[in-house]
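A short write-up of the structure that comes next.
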There are 2 protein chains.
Amino acid sequence: MTAAPAAARRPRRHDPGRRDRLVDTALDVIARDGVAAASHRAIARAADVPLGSLTYHFASLTDLLSAAFTRHVDTAASRFDERMRAAGSPAAALEALVEHLTGDLLGSSRDLVLTVELYVAAARNPALRAVTQDWMSRSRRSLERHLDPVTAREIDALVEGLVLHSALSTDPMDADGIRNALHRLAGPVR
Amino acid sequence: MTAAPAAARRPRRHDPGRRDRLVDTALDVIARDGVAAASHRAIARAADVPLGSLTYHFASLTDLLSAAFTRHVDTAASRFDERMRAAGSPAAALEALVEHLTGDLLGSSRDLVLTVELYVAAARNPALRAVTQDWMSRSRRSLERHLDPVTAREIDALVEGLVLHSALSTDPMDADGIRNALHRLAGPVR
DNA sequence: CAGTCATAGGAACGAGCGTACACATCGCTC
DNA sequence: GAGCGATGTGTACGCTCGTTCCTATGACTG
């Protein structure tokens, strides 16, 4: 009598935590194909859930994207602040920044891509602007653990530019180049 | 006999230079609504031409966007190089950069928006990547008229970050802040 | 164990999309 | 002025999209 109903490829009849999984899957899709390709259907396919499930858990696509980017910013900002908190001096903070830029970002470009996608999406979508500004202010506050506000702001802008160049340029700056630029901008540091 | 045929709202029966006009209109639409909203139909509506005209003049939408961004890069890069060429010293070049960032860009944000849109579109569209790289290399070459290659590269990255912050932040840096950052990064300058 | 309600599932609608194509019209060459 | 090739114009196809809606299911409450 063929015990199992044969087509049990999606055994998710009861699925607590699906909402969470959808947010993560949305980030995967955005990182892989860009925010323009992050449609209800694409995310549903990637998460292996029916289409209707998305509109049940999120009132609109913008809501879903907003939740996804909020999660991305939370993780990235926490990890960044952790790095800055761990540094014992401004010099150590700059070195941590170099590692952050060469390791985390350039190694696995996922975070970098997500951040740039957020920037662009926010430029047109007011609901995402708050998320972007949260990210900018948190990263600046992390830098201010070791740098005066003016320097923190300038370093923040430089880092943003480096990230963008790394994402799009064919020959991104190497670690020495990045270290050199950061130190020149930060000035003498104890 | 109602001399005119009444509905003469689009008297473009013979229209040389329409191709050129379509490229310009495409840039207008991208600047206003973003590259994601730059569809055949949106551009046709903005240019007041029938839909079929677009596929006649451009083999595909990507072709049209590519032509548009190429024109944008050409104009922006020429104007920027003009500014750099006009500067008589590295110090004057930095000051021209401040003006460029506060005047041209922040004043009418059109160029800024177009450039950021290009960055993002290029991240996913290989046909546009060449245009982005052309822009990056030309702006760097303009900077190298007055700065050594290493400094030029760093300044280029900082400017990119400043542009991004200006586009998205609620409180962009003012002229003094920008001038200060540029000089700190460029070091002593004759 | 019956009833209820949050969740799961899938089909459908109307709209916008890129592109293809058939037909109209005009400028130009002989 | 006939013919032809370049250009202009409108319609249609097939697809994907966000969203809506109805039904099915099963965990929990009493």
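In what follows, chains are A, B, ... by sequence order, proteins preceding strands, each numbered from 1. Atom set for the values below is all heavy atoms of this structure, side chains included, hydrogens, waters and symmetry mates excluded.
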What is the nucleic acid contact for A:Leu51, judged by heavy atoms within less than 4.0 Å: base, sugar-phosphate only, or nothing? base
Per nearest nucleotide of DNA chain D, the residue lying toward the 5' end, B:Ser53 or A:Gly52, is B:Ser53
Set of side chain to side chain donor-acceptor pair (under 3.5 Å) partners for A:Asp33, sequence neighbours left out: none
Measure the distance from NE2 on B:His14 to P on C:dG27 and round it to the nearest whole Å. 6 Å
Look up atom CZ in A:Arg19 and atom CG in A:Leu64, then write down how far apart they are to the nearest 0.5 Å. 8.5 Å
Nearest-Å distance, CZ (A:Arg18) to P (D:dG26)? 13 Å
In whole angstroms, how far is the P atom of C:dG16 from the CG atom of A:Leu61? 17 Å
Rounded to whole Å, how long is the line connecting atom CG of B:Asp63 with atom C1' of C:dT19? 13 Å
Quick one: A:Phe58 CZ to D:dC17 P, roughly how many Å, whole number? 18 Å
Is there a side-chain contact between B:His57 and the phosphate of D:dG8, meaning an N or O under 4.0 Å from OP1 or OP2? yes
Please determine whether a side-chain nitrogen or oxygen atom of A:Arg19 lies at a distance below 4.0 Å from atom OP1 or OP2 of C:dA6. no
If I take atom CG from residue A:Leu158 and atom CD1 from residue B:Ile155, how far apart are they, to the nearest 0.5 angstrom? 9.5 Å
Under 4.0 Å, heavy atom to any atom of DNA chain C: which of residues 36-45 of chain B qualify? B:Ser39, B:His40, B:Arg41
Only one of B:His72, B:Arg110, B:Glu117 forms a side chain to side chain contact (heavy atoms under 4.5 Å, CB included) with B:Ile30, so which one is it? B:Glu117
So does A:Tyr56 get a side-chain nitrogen or oxygen closer than 4.0 Å to the phosphate oxygens (OP1/OP2) of C:dT7? yes
So if I take every side-chain heavy atom of B:Pro50 and compare against C:dT19, D:dT19, D:dT9, which nucleotide ends up nearest? D:dT9
Could you check if a side-chain atom of B:Glu99 sits within less than 4.5 angstrom of a side-chain atom of B:Ile178, using non-hydrogen atoms only? no
CG of A:Asp33 versus P of D:dT16: gap in Å, rounded? 15 Å
Could you tell me whether B:Arg153 and B:Asp156 have a side-chain N and a carboxylate O separated by less than 4.0 Å? no
Value in whole Å for how far the P atom of D:dG10 lies from CG of B:Asp48: 11 Å
Euclidean distance, atom CG of residue A:Asp15 to atom P of D:dT25 [Å, nearest integer]: 17 Å
Side chains of B:Phe58 and B:Val23: closer than 4.5 Å at any heavy-atom pair? yes
